[in-house]
Amino acid sequence: MELKQLYREIVNEHNLHPVHKGKMEAPDLVLRGVNPSCGDDITLSLKIVDGKIADAMYEGSGCAISQASVDMMADQVIGRTKEDAIKLAGTFMGMIKGEVTDEASLEELDEAAALQDVAHMPARVKCAVLGWHTMQEMLENPEKAQG
Amino acid sequence: MELKQLYREIVNEHNLHPVHKGKMEAPDLVLRGVNPSCGDDITLSLKIVDGKIADAMYEGSGCAISQASVDMMADQVIGRTKEDAIKLAGTFMGMIKGEVTDEASLEELDEAAALQDVAHMPARVKCAVLGWHTMQEMLENPEKAQG
Amino acid sequence: MRDFRQDFDILNSGDYIYFDNAATSQRPRQVLEAVSDFYKTANANPLRGLYDWSVAATDAYESARSKVADFLGGVKSEEIIFTRNTTESINLVAYSYGMDNVNEGDEIVVTVMEHHSNLLPWQMVAKKKGATLVFLEPDEEGVISEEEYTSKITDKTKIVAIGHVSNVMGITNPVAEIAEYAHSKGAVVLCDGAQSTPHMAVNVKELGVDFFAFSGHKMMAPMGIGALYGKKALLEKMNPFLTGGEMIEYVTRTDATYAELPHKFEAGTVNAGDAVGLAAAIDYIREVGFDYIEEKERKLTKLLMDGMAKMPYIKIYGSKDYTKHCGIVTFTMDGVHPHDISSVLNDDHVCVRAGHHCAQPLMQFIGAGSTARASLYFYNTEEEVERFLEKLSGVREVMGYGA
Amino acid sequence: MRDFRQDFDILNSGDYIYFDNAATSQRPRQVLEAVSDFYKTANANPLRGLYDWSVAATDAYESARSKVADFLGGVKSEEIIFTRNTTESINLVAYSYGMDNVNEGDEIVVTVMEHHSNLLPWQMVAKKKGATLVFLEPDEEGVISEEEYTSKITDKTKIVAIGHVSNVMGITNPVAEIAEYAHSKGAVVLCDGAQSTPHMAVNVKELGVDFFAFSGHKMMAPMGIGALYGKKALLEKMNPFLTGGEMIEYVTRTDATYAELPHKFEAGTVNAGDAVGLAAAIDYIREVGFDYIEEKERKLTKLLMDGMAKMPYIKIYGSKDYTKHCGIVTFTMDGVHPHDISSVLNDDHVCVRAGHHCAQPLMQFIGAGSTARASLYFYNTEEEVERFLEKLSGVREVMGYGA
Ligand SMILES: Cc1ncc(COP(=O)(O)O)c(C=O)c1O
Ligand SMILES: Cc1ncc(COP(=O)(O)O)c(C=O)c1O
C-alpha cells in the first residue's frame, strides 16, 4: 500500500479521532514509552481485571503512525488475557520486522495488520511498534509499571 | 641528472672516501643534527680562528646523500668567514628548495651544486640539507654549540 | 554560465527533489573522478615513501591541504589538520585544548542553537573539569544580541564555541564581533563552520577565531574528510590527540616525541583519497563562485518562503528575512507531525528532513519537539521549489484535514 | 582463475613494480566503482532521514557493517564500530576502555614489535594513569615463546595489546594462546589486525580477543575507513569516545544520554561512501579467496627470499621460513643505507619502503636504525619478483661497490 493511502484509509481515523486516548482513572499499570530519535512520547495505562485487560488508554504525542498504532492496539487488546496480549504484540512486531507474513497470524491482528507495509519504511518502524513495545514491557515487567 | 648518475659521479666518492669525517680535537663549536624520519644522525665540529672556519669535521651515520653532502660542505666552508658560510648555507638550501637557480649563485656552491636535482626528490631533501642546516644553526646560535 | 546541475548524476537520474542539503550535499562528477584518478595513478601511502608514487601521493595530499588553507582565507598550511568531519575537529580541540586549559570554576560559552557536535564535547570538558557551560540565547529571529554576549562572556570564560550558521534557523551568527569580545576577555574561540563553508566565502582571519571546524561532505566533497584550522601558536602548544604512526619523531619503548605541525595531529594512515576529493570540491566551488551560490540560493529561498507564507498552517522558524537563511527553512505544520510531513513528501519523491536536527536544546528552546526542514543548494531549481510547494500544500489533505 | 591483476588500473599503466603493499594496498576497479555508485544513486546522510535516499544510504552503510561482522568470523553487527583506520580504533579503546580501567601500579603488556599505533596510545594510558608498560620480546626468528608471555603477563596485567602480524618481520604472533593466558590472568586483549586481515581469514572468536582493529586501505578498500570489533559486553560498559551528532539519545543543555551500540561510538556524519568501498573490498577478497592469496604470496615470497639469499651482502630479518612472512621481507644491505636502496630502486621504477616502518622500538631491538622492506600482495607476479631481484642486485654497483 502506498503510504498516502495508508494514512487516508487507516491512520488518520485513529490519529484524528482516537477512541482510547485520554487519562485513565486509577490504572493498574502505567508505563511511558518514547522514541528518542523521533520525539514520540506516550504513556500507556492498563486496567487489569482477573488477568484480563479490562481497559487500555494512552496519553502523549507523536506522529500519526505512532498514535494510530497505539489506538488500534488498544482496540485489539481490550478483553484479552495478559498472555494473549503479549503474544499478539509478538505477532505485530514480527509483522513489522517482515518475519511474520502468514495470513492466519495477520488476521489475528485485525485492523492493525494494515500497518504491515511499514516494514518497508525502516525509519517508521519504531513509530509503529512504540505502543506494542510499551505494552509488552509493562505486562512482562509489571514491577516497572505500578499505577 | 638521473639519481644513479648523481650517485656514481658525485655522491659515492664523498660517501665512501670522505675527507672530513672523523673526530676533531678541541673543536670550538659542536652540534648534533638528526633527521628523525630517516635516522640520519651527524655531529658537526668546527674550529674557528679569527672569525673564520679553520676546520670542519663530522661524525655519525646516515644515507649516502646526507654523508656526501656534509663532506662537500666541509670542503666549501673551510677558509670562509662565519657570515660567508651562513650565506652559503642559505644559497644551498635555496637551491634545494628550488628557489635559487641562477648560475652565479650555484657557482658559489662549487661541487655541492651537483645536489641540485635533489630538489625533485622531496623525500631526500632533508638528507641533503642536514649538514648545512646544522652548520647554520651552530653559527647563528653558538651558545647551543659549545665545544 | 554552464549548467552545473548536469554534473550531478544523482540529480538527473529520476524525479527526486533533494532538499536535505544541510545534512549532506551531493557530489559532482568532477569530485568523484578526482578521487578515482588519485587511486588509479598516484595511490600509495603518503608521507612515508621514497618512491615516485608515494611522493605523488604526498604531493596530492599536501596540495589539498594548501588548497584548504587558501579556501579559509589564506592561512598557513600547517594550521590545517585533516579530520573525518566537523565532529572530530571539535573533539580534537575539546580533548587537546579543552581538557588541558579549562579548570574548575571556569566557564565555556556556547549558544543554545549549537549542533550536538559543538555541544557534547564541551559538556564532557565541563563535566570532567568542573567547569560550567553558559548558553547564549537568540531572539525570535535567531539573533544573538550584543547585550547577550557581553553579559555572558566574562573573565571566567575560557572557551567560546559558536556555530557560524545554524543548521536549524540558517542564521549567520555575529562570529567576528563575538570573537573580538571573547578575546578581550582572554577566551579562546572556536567556530563551527559546518553550515557556512558550503555557502559563503570564509576568512578565518577576518572572523578572528582561533579554531574553525568544517566537513567536506556538506560542500560536495566525499564523506570521511573534514578539517580543523587552528592558530599555529595554539596548535604548537597543544598535546596530540590521537597517537600512532606518522605523528611521531622519535619513539622509544616508553616515550615519544612528536612530529611538527600539522602531522602531530594526524595519527595513522591519512585519508589522502578523500582529501583529494575535498580539493576537487573546493575547485568546483570556486568555478561556480560564491556570488552565484548566494544569488541562486537567495532566489530559491525567497520563492520557497513566499510560497510557504501562503499556507497559514505553516510556521517558519528563524528570521522573516529570506536573505538570512542560508537556504535553510525549518518549519512545522499545524496538526501534522514533522515525521509524517517527511514521509508523505517522500511518497512524492521529495526529500526533506524531520526531527531534532541534532540540536535538541534549540528544539527545547523554541518549544518544538521536532520540526521539518527544507534546505537548498545552488544546484536546486525554481521548478523544484514550485513542485515542492505544490506537494507540501497537499500534505494536510493526505493527513485527513480536508482540502 | 581469471586474471585479477586486470582489475587494478594503476598496475597496468606502466612498468612500476609496487612492493609496498604492507603500507597500503592498491584498489581494484570494483571497489572504486562501488564508492562512485553509492554517491551516484543513494547518497544522503544515513541514519537521519525518513526519505528513500537516506534509507538506501542507511541500508548500504549498515550492510557494510554486517559484511565486516561476517568477515571477522561472524560476530554481531553491533560489535563493529567504523573508524578511520587501525590507529583510530586503537585510540578509541585506549581512551574509552584504557583510561577508565587501568590504574596506578597496573601493567599493560605489548610486544616490542608493535607498530607505533599499537604502542603510543598505551604509552599515553600508562603515563596518565601511573601504569607500567611491559614488553614481550621475540627470538631471532621473531617468535614470542610461551615462557616469554607467561612470565610477563601477570595478575597486574590489565590490558594485553598485541599485533597479529608484524609489519616488519611478517611473523604471525600466537594471539589465541596469548589471549587465553591473558584472560586467565583477568586481562583484556586487543589485537592489531592491520597486517593480518589482508592476507588470512580472521576469526576473532577463535582468536579469543576482546578487541580487534584493522584498516580498510591495507585490504583494497579506500583510505579513510577502518573498523574496531569489540565484545558487546565490554563496549556496552564503555563511555563514548568522540561525542556529537548521531551518537545520542537525549540531549539537554548540560547532559546527554547515548544511543545504543554501535552508534554510541560513531559521532558525526559517518563515512558511508568508504564503508561501501570496504564492503566491496571484502566481496573482492572473497572472490579471490584466501586460499589463492596465501598460495600466491607464498610462491612469490619463496622466489624472493631464495633470490635474496644469493646476495651475500643482504641480511633478511625474521624467520628463515618463507611461509612465515605474510609476503613481508625486511632487509638491509651491507654498506648501503636503506634510503639509498629505495632511491636507487625507484630510479628503476621499483617501489619499496625504507625507514623505521613505524616500529622504532623493534628497530632498536634488532639493532638496525633503518631497514628496507619489500611487501607483496597476491596481484604481484613472478616476473615482478625476478625483475626486482635483478634491480636489487645492481644497487651496490650503483653505490660504488664495484660489480
Ligand atoms: C601492524 C600495523 N599496525 C597498525 C598500523 C596502522 O594502520 P593505519 O595507519 O591504517 O592506522 C599498521 C600500518 O601502518 C600496521 O602495519
Ligand atoms: C552546524 C553543524 N555543526 C556540526 C555538524 C556536524 O557535522 P559532521 O556530522 O559532518 O561532523 C553539522 C552537520 O551535521 C552541522 O550542521
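Keep in mind that this is a model prediction, so the values were computed, not measured. Here is the naming used below: chain letters follow the sequence lines, and residue numbers restart at 1 for every chain.
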Exercise for the section: Check whether Ser343(D) gets within reach of chain B through its side chain, its backbone, both or neither, counting any heavy atom under 4.5 Å. Expected result: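 Answer is both: backbone and side chain atoms of Ser343(D) are under 4.5 Å from chain B.
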Practice task
Please check if the distance between the ring centroids of Phe388(D) and Phe19(D) is under 6.0 Å.
Solution key: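 Centroid separation for Phe388(D) and Phe19(D): below 6.0 Å.
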Exercise for the section: Kindly state whether the ring of His116(D) and the ring of His356(D) have centres lying under 6.0 angstrom apart. Expected result: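 Here the rings of His356(D) and His116(D) have centres that are less than 6.0 Å from each other.
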Problem - side-chain hydrogen bond (donor to acceptor under 3.5 Å, both in side chains) partner of Ser215(D), the single match among Thr86(D), Thr24(D), Thr83(D), Asn85(D) - result: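 That would be Thr86(D).
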Exercise for the section: Taking atom types as modelled, find out whether Ser25(D) and His217(D) have a side-chain donor-acceptor pair closer than 3.5 angstrom. Expected result: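 No, no side-chain donor-acceptor pair sits under 3.5 Å.
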Problem - Structural part of Asp40(B) lying under 4.5 Å from a heavy atom of chain D - result: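 Only the side chain of Asp40(B) comes within 4.5 Å of chain D.
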Exercise for the section: Using non-hydrogen atoms and a 4.5 Å limit, figure out which bit of Ile65(B) sits close to chain D: side chain, backbone, both or neither. Expected result: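 For Ile65(B), backbone and side chain are both near chain D.
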